[in-house]
Each structure stands twice: as C-alpha cells, then as structure tokens.
There are 2 protein chains.
Amino acid sequence: MERAPLSSSAVIAAAAELADAAGFEAVTLSAVARRLGVQAPSLYSHVRDREALLDGVAARALGELSERIATAIAGRAGRDALDGFATAHREFARDSPGRWQSLQRRAGDAVVRSDAARHIVTLNKAVLRGYDVPEDQHVHAVRLLGATINGYLALERIGGFDHSAPSPEVSWRKTVQALDALLRAWPTDPGENP
Amino acid sequence: MERAPLSSSAVIAAAAELADAAGFEAVTLSAVARRLGVQAPSLYSHVRDREALLDGVAARALGELSERIATAIAGRAGRDALDGFATAHREFARDSPGRWQSLQRRAGDAVVRSDAARHIVTLNKAVLRGYDVPEDQHVHAVRLLGATINGYLALERIGGFDHSAPSPEVSWRKTVQALDALLRAWPTDPGENP
DNA sequence: GGAGATCGCCTAATGGGTATAGGCTGCGGA
DNA sequence: TCCGCAGCCTATACCCATTAGGCGATCTCC
C-alpha cells in the first residue's frame, strides 16, 4: 500500500470509489482509512466528520452527473435531448452505483448550493426548450422529470422489478417515451394560475 | 416503564413507532430495546437480527399502505381512483415517514412475496381498469406510476423541492394530473411487441 | 403437588464503528 | 542550524450488533 499524500479530495475520491465498489452504506471512515493505508483518526484532519465525507461524495457525484448530462444533450433537442438526459442518469446509476446512491439523501447546504446543482437544473430546463411547455410550468415539469427518472432508477436498484416480466429495460424505454408524450402535450388546467 | 410481554410483533411495532418518531436510520436494536424497557440482547429471542427487524417493519408498512390504498380507491374509477391511489401514498409518507422509508430499500424474500405486496400490485392494476391502457401495457404503466409517485415522495422527503418555488403541493397536483393525462392517452409504438 | 424442563430475560464479552486528545516526527523557512 | 508545525500515530471513550451462557419463574407431566 503506497501512500500518496492525503488531502480532502483524495479522501473523498477514495470514499467515492469505495461506495461504487461496496455500496454507499459501506462508506465508513474506517473503511476509507483502510483503503488509504492509514489509521481512521488521521482522516479527521481532512474531513470534519462522516456527514461531511458523505456530502463530499455527493458533491463530487453531482459534478460528474452534470458533466455526463451536458455531453449527452449537447447539440440535441426534443426527444433526442430527453433520451440523452434520461440515459445519462441511468448510465451514471449503472456505472457508479455508490455515487448515485449518495445523491438519494438529504444533502448539506454546500452541496445544494453548489455550481453542479445549479448546472443540473439548467440542463433540465434546456431539455424543456425542445418542447412547448409554457414557461410558468417549467418547475413542475422539471420536478416531474426528476421524480420519474430518479424514482425509476431507485425502484430498479432495490429490485422492485425483479419479480415480474418483462425486463426493466423495456419499461424504461416505455417510460421515457411516455415522458416525451407528456411534455409534447403538457396538460393545462382551465384558469391555471401558478 | 411497564413491560408488556415481548413478542416478535411487539418488537416490530415498537421499531415502527420509533422509525416514525426518530427516522428509519434510528431504528437500532439498542434503541428499540430501550423503548421497550429491556436489554438489547433480549430482542434476539424475537428477531433474528437487525435486517430481520427492518424487514418486519417493511412488511408491516406494506400492509398498512395497502389498506390505505384499498379504502382510498374503493368505489372510484378513472381520475378519482388515480387521485385516491396517489393521495394514499402521499398521506402514508406524511403520517408514517419512518415506515414509508422502510419501503425504500431492498427487502427480503418474505416481504416481496407477502400478501400485502401482491395486494398492492392488484390495487395498482385496479386503477388502470378505469383507463384504456391495453392489457399488455399494464406492467409498464404500473412501473411508471410507482416510479413517479415514489420518486416524487422521495425527492420531497430529502428536500429536493425546498430551494425553489412554488410549494411541492402544487407540483404534486400537477404531477397527478399529468399521470392522468398520460394514462388517458397512453402512447403506443407502431409495431409494439412487449 | 412436586421435579424438572423450558422459556425469556439477564449479564458478560467481543469486535467494529465514530470521534477526541494528545504525542512524535520530519520538513520548510528564518 | 534550529524551530515550528503539518500530518500521521496511539490511546481512549462511547455506541451498536451479536454471541455465550446464567438464572429464575412458569408449565408440564406424572
């Protein structure tokens, strides 16, 4: 175990790798310290406590996710952009399950207010530009998109689809198609007043 | 602390109450034992280990949720049934946050194969009866419904909507409305072949 | 009605986790 | 050269899960 000099971001990077390899709940200070060839208390020079470590992983994950989304929707619009957006999420969850999980918990202020968080919202709205959803409905559409995509991935992760046919893959495509149809014909109340 | 005689279901009931009061992650054998006025190791006569305890809470929660849904959609169809279904989920998550959280993790076989689990699927399909979704599309629709509703509640719980207006309540209504519109005009591929 | 088996709780003890306090060391700057 | 300190270490306290084994009350069976 060669020991590169520790630093806050090295510790967080190790935690992120561990999360992907062994599950988010396996991210303990002890385990990260072992992985770094160091004693657990040594980490407290670099992260305030376990919460901060987990928030660090979440912040990093958010950045990576936003990059993936950005390249996935660049130069696309409408259905293509939606596909890219959804696929980016799904592949992120598949490739980096631990980092993805790190996003499924209440995060600290630093994470919420991060550039990455803002960036994702922007990208989300960019997808909507390809549809005719009225401006004042964008929040709702963003929330719906997030809820459905995240919810689907969460259900898939906990095995909610393991006990019925067909494969989650098929329903996933159907789900994205449904979201496309929905955005294409966004329902409007008579006398809507957001 | 008067001590009612312990039993497997008494232990699980205490765990469920604790989950609602202090959060699902606070459900530890020690805490449950304290709440029951008993030493922690005593619980091992009634639950195999912590996993089993958590699964027990999930099974119980699933039963309660299915009851709520059943009464919420009884005698209703179409949009009314969908509203009832969605609202039942949301009120369950509001009234029993810990129990609701217990359902957001991979559950043991006993839970997955329980009557309650089967019941919920049945109720889910009952909602679809009020719409013209083709039979072979029901799985997809059930999965989409589950993903969106659960996903919305999960995002709401972790505070995903806390940093933008308007209130989650408004988007929730909009979301249910969107689901209704979607089921009403379920998109079909040319040459679909599930 | 009594002897003993059994059931259900207890105490003791282990191992791993978070977190704090304080020691030692080697490197950089004056 | 020598001092300071940054960064890792050991020691320690406390919490939690889990196993082993003890002990008393109750239940059973004769």
**Message:** Would you compute the distance between atom CD of B/Glu91 and atom CH2 of B/Trp100 and round it to the nearest 0.5 angstrom?
**Reply:**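 Rounded to the nearest 0.5 Å, the CD-CH2 separation comes out at 15.0 Å.
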**Asked** On the ring face of B/Phe161, is A/Arg143 found with NZ or CZ under 6.0 Å from the centre and within 45° of the axis?
**Response**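 The answer is yes, since A/Arg143 meets both limits relative to B/Phe161.
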Whole-Å distance separating the [atom1] atom of [X] from the [atom2] atom of [N]:
X       : N      : atom1 : atom2 : result
B/Leu36 : C/dC10 : CG    : P     : 11 Å
B/Tyr44 : C/dC10 : OH    : P     : 14 Å
A/Leu29 : D/dC15 : CG    : P     : 18 Å
B/Glu25 : D/dA17 : CD    : P     : 13 Å
A/Arg48 : C/dT18 : CZ    : C1'   : 14 Å
A/Gln39 : D/dC8  : CD    : P     : 12 Å
A/His46 : D/dC9  : NE2   : C1'   : 12 Å
A/Glu51 : C/dG17 : CD    : C1'   : 15 Å

**Asked** Given B/Val47 and B/Val32, is the side chain to side chain contact (heavy atoms under 4.5 Å, CB included) satisfied, shown in steps?
**Response** CA-CA 12 Å; B/Val47 290; B/Val32 172; over 6 Å; no
**Asked** Taking OP1 and OP2 of C/dC7, is either one under 4.0 Å from a side-chain nitrogen or oxygen of B/Ser45?
**Response**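 For C/dC7, neither OP1 nor OP2 has a side-chain N or O of B/Ser45 closer than 4.0 Å.
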**Prompt:** Are any of A/Arg34's side-chain N or O atoms less than 4.0 Å away from OP1 or OP2 of C/dG17?
**Reply:**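 For A/Arg34, the contact criterion (side-chain N or O under 4.0 Å from OP1 or OP2 of C/dG17) is met.
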**Message:** Base, sugar-phosphate or nothing for B/Ser42? Non-hydrogen atoms, less than 4.0 Å.
**Reply:**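 B/Ser42: base contact, heavy atoms under 4.0 Å.
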**Prompt:** Base, sugar-phosphate alone, or nothing: which one does B/Thr28 contact when heavy atoms must sit under 4.0 Å apart?
**Reply:**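 Contact class for B/Thr28: sugar-phosphate only.
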**Item:** Donor-acceptor pair, side chain of B/Arg90 and main chain of B/Ile149, under 3.5 angstrom
**Value:**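 Looks like no, no N/O pair under 3.5 Å.
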**Asked** Out of D/dT18, D/dC16, C/dA19, which nucleotide sits closest to the side chain of B/Ser30?
**Response**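 When the side chain of B/Ser30 is considered, D/dC16 is the closest of D/dT18, D/dC16, C/dA19.
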